[in-house]
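Start at 1 with the first residue, then count along the sequence. This structure is a prediction, so every number in the text was calculated from the model and none was measured.
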Amino acid sequence: MSLTNLLPGPLGFGTAPMGNMFRAIPEEEVQATLQAAWDQGIRYYDTAPFYGAGLAEIRLGAMLSQRPRDSFVLSTKVGRVIHDEIEDPATRDLGEKGGLFEHGRPNKMVDDYSADATKRSIEDSLERLNTDRLDIVWVHDIAQDFHGDRWLAQFEIARTGAFRVLDDLRDQGVIKAWGLGVNRVEPIELTLALDEPRPDAFLLAGRYTLLDHGQALQRLMPAAQEQGVDMVVGGPYSSGVLAGGTHFEYQQAPPEILATVGRIRDLAERHGVSVKAAALQFSLAHPVAAAVIPGATRPSRIAEDLAALREEIPVAFWRDLRSAGLLAADAPLPSGA
């Protein structure tokens, strides 16, 4: 199914921060933020067992379970199974993303892309989310950043396990769509080259942003467009550094990234443009992009994101970004630019 037909609009809500990413977020702050998203018309929510070892799903479910199920679109992910056994979150092997959810639940997380684990993961997510069905399921983090040199072996387990389970569930009408939810382009390229199973869409985080889009433009986006496979853009603010934060790739941003953001900010200020608006509108400008899902931990951020989508950005700003070498020459620009 085309995501443009499934999703209710271009702006969704990514719940990774709700899993206590970077810090322990008070429950009242979480629910106030989720309530603000709902009150301001957000109707697509993306989550995952990985986010705080189920914490984000539990928190999101507390809000969505009070709403009519047909009034929103919900996606979660498979690839990790959450156990009752307890572990120290600080000691988890998360590849390049070490320590990401140190403040989440201490439940043991096990990587498993097999068919049985996929079925169990979905059942567990339905329970944590307090819902009876999922609309979209992404195969999560099956890439180099989490699995290093083992990622191709893990991909093969997923190809014969999770992919086929999700393909069957889609064909049976149990879910409406499936795909990959990753931070790297290579697993998606590999999946698009398969004869079967066939994904409907993908969630690509951090690889189609103002700071990092060249590799995705080279092969991935043309292949997806040719096959009619849509994209949800995750991490449009590059882990927060494009929204005034200090994180890039879920870690403290290095000096060279901060310098690049500074150059973007200088041009934005010269044209009276907010960097958030430029980031969101750029990520949505490609024909493959069906939605963008920034995260938030404060209610005020929702209004900021909505305002950023509506902000008018002069063509001269995009032209100056390209002239400065900050924007790929072949990157599609927002309508009218």
Side-chain angles (χ1 to χ4, degrees), residues 1-7 9-12 14 44 46 75 77 136 138-145 151-152 155 158-159 163 177-239 242 248-249 260 264 277-294 308-309 313 315 317-319 321-322 324-337:
M1 174 181 286
S2 170
L3 286 190
T4 54
N5 296 327
L6 175 58
L7 298 179
L11 183 64
Y44 170 44
D46 176 73
S75 62
K77 305 179 181 76
I136 307 168
W138 310 110
V139 181
H140 203 193
D141 289 334
I142 186 166
Q144 307 94 310
D145 52 338
W151 84 271
L152 285 172
F155 183 94
R159 185 187 69 81
F163 289 12
W178 74 274
L180 271 61
V182 291
N183 303 292
R184 294 290 184 270
V185 300
E186 292 87 353
I188 299 174
E189 290 179 342
L190 195 56
T191 304
L192 289 174
L194 296 175
D195 291 330
E196 57 84 29
R198 303 297 311 196
D200 304 278
F202 55 92
L203 193 168
L204 180 61
R207 300 283 75 79
Y208 199 72
T209 74
L210 280 179
L211 285 177
D212 186 347
H213 54 272
Q215 187 179 10
L217 279 171
Q218 290 175 9
R219 296 180 304 183
L220 175 58
M221 308 302 258
Q225 192 169 7
E226 181 180 347
Q227 295 186 30
V229 177
D230 295 326
M231 174 178 74
V232 172
V233 179
Y237 301 138
S238 293
S239 299
L242 286 171
F248 174 74
E249 285 293 290
T260 300
I264 295 172
L280 282 189
Q281 293 186 33
F282 172 78
S283 292
L284 279 170
H286 198 285
V288 169
V292 64
I293 51 169
L309 282 184
I313 299 178
V315 176
F317 168 73
W318 302 111
R319 184 174 62 240
L321 275 183
R322 278 197 167 135
L326 295 168
L327 194 63
D330 56 344
L333 298 178
S335 177

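Across Thr191, Val182, Leu152, a single residue satisfies side-chain contact (heavy atoms from CB on, under 4.5 Å) together with Ile142, and that is Val182. Residue Ser283 forms a side-chain contact (heavy atoms from CB on, under 4.5 Å) with just one option from Leu204, Val233, Ile293, and that option is Val233.
Two residues are said to be in side-chain contact when any heavy atoms from C-beta on lie closer than 4.5 Å; Val139 and Phe163 meet this criterion. With contacts defined as side-chain heavy-atom distances shorter than 4.5 Å, the pair Leu280/Tyr237 qualifies. The shortest side-chain heavy-atom distance between Tyr208 and Val288 does not fall under the 4.5 Å cut-off. Side-chain contact check for Pro294 versus Leu11: some heavy-atom pair is nearer than 4.5 Å. Taking 4.5 Å as the limit, every side-chain heavy atom of Val232 sits out of range of all side-chain heavy atoms of Val292. The shortest side-chain heavy-atom distance between Gln225 and His286 falls under the 4.5 Å cut-off. Side-chain contact check for Leu321 versus Phe282: every heavy-atom pair is 4.5 Å or farther apart. Between Asp145 and Trp151, every side-chain heavy-atom pair lies at or beyond the 4.5 Å cut-off.
Distance CG/Leu203 to CD1/Ile136: 8.5 Å, rounded to 0.5 Å. Taking CG of Asp141 as the start and CZ of Arg184 as the end, the distance is 10.0 Å to the nearest 0.5 Å. Here the NE2-CG distance, from His213 to Asp330, works out to 8.0 Å after rounding to the nearest 0.5 Å. To the nearest 0.5 angstrom, Asp212 atom CG is 10.0 Å from Leu217 atom CG. Considering CG of Asp200 and CG of Leu6, their distance stands at 9.0 Å, rounded to 0.5 Å. In this structure, Leu211 CG and Thr260 OG1 are separated by 6.5 Å, a value rounded to the nearest 0.5 Å.
Partners of Ala285 by side chain to side chain contact (heavy atoms under 4.5 Å, CB included), not counting sequence neighbours, listed by chain and number: Pro334.
More than 12 heavy-atom neighbours from other residues, nucleotides or ligands sit within 6.0 angstrom of CZ on Arg322.
Arg219 contributes no side-chain N or O that, together with a main-chain N or O of Gln215, makes up a donor-acceptor pair within less than 3.5 Å. Proximity of a side-chain donor or acceptor of Ser239 to a complementary backbone N or O of Glu249 within less than 3.5 Å is detected. With hydrogens and angles disregarded, no donor-acceptor distance shorter than 3.5 Å links the side chain of Asp230 to the backbone of Ala290. The main-chain N or O of Ile313 is never found under 3.5 Å from a side-chain atom of Gln281 such that the two would form a donor-acceptor pair.
Heavy-atom minimum distance, Pro236 versus Ala279: O-CB, 3.8 Å. Considering all non-hydrogen atoms of both residues, Leu180 and Pro187 come closest at CD2-O, 3.6 Å. Contact between Val229 and Pro199 at its shortest, heavy atoms only, is CG2-O, 4.2 Å. Of all heavy-atom pairs between Thr209 and Ser238, the closest is OG1-OG, 3.1 Å. Closest of all the heavy-atom pairs between Ile264 and Phe317 is O-CE1, 4.5 Å. Here the closest heavy-atom approach between residue Trp178 and residue Pro197 is recorded as CZ2-CB, 3.9 Å.
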* Are Met231 and Leu3 close enough, and set up right, to give a side chain to side chain contact (heavy atoms under 4.5 Å, CB included), and what steps lead you there? -> CA-CA 8 Å; Met231 174 178 74; Leu3 286 190; over 6 Å; no
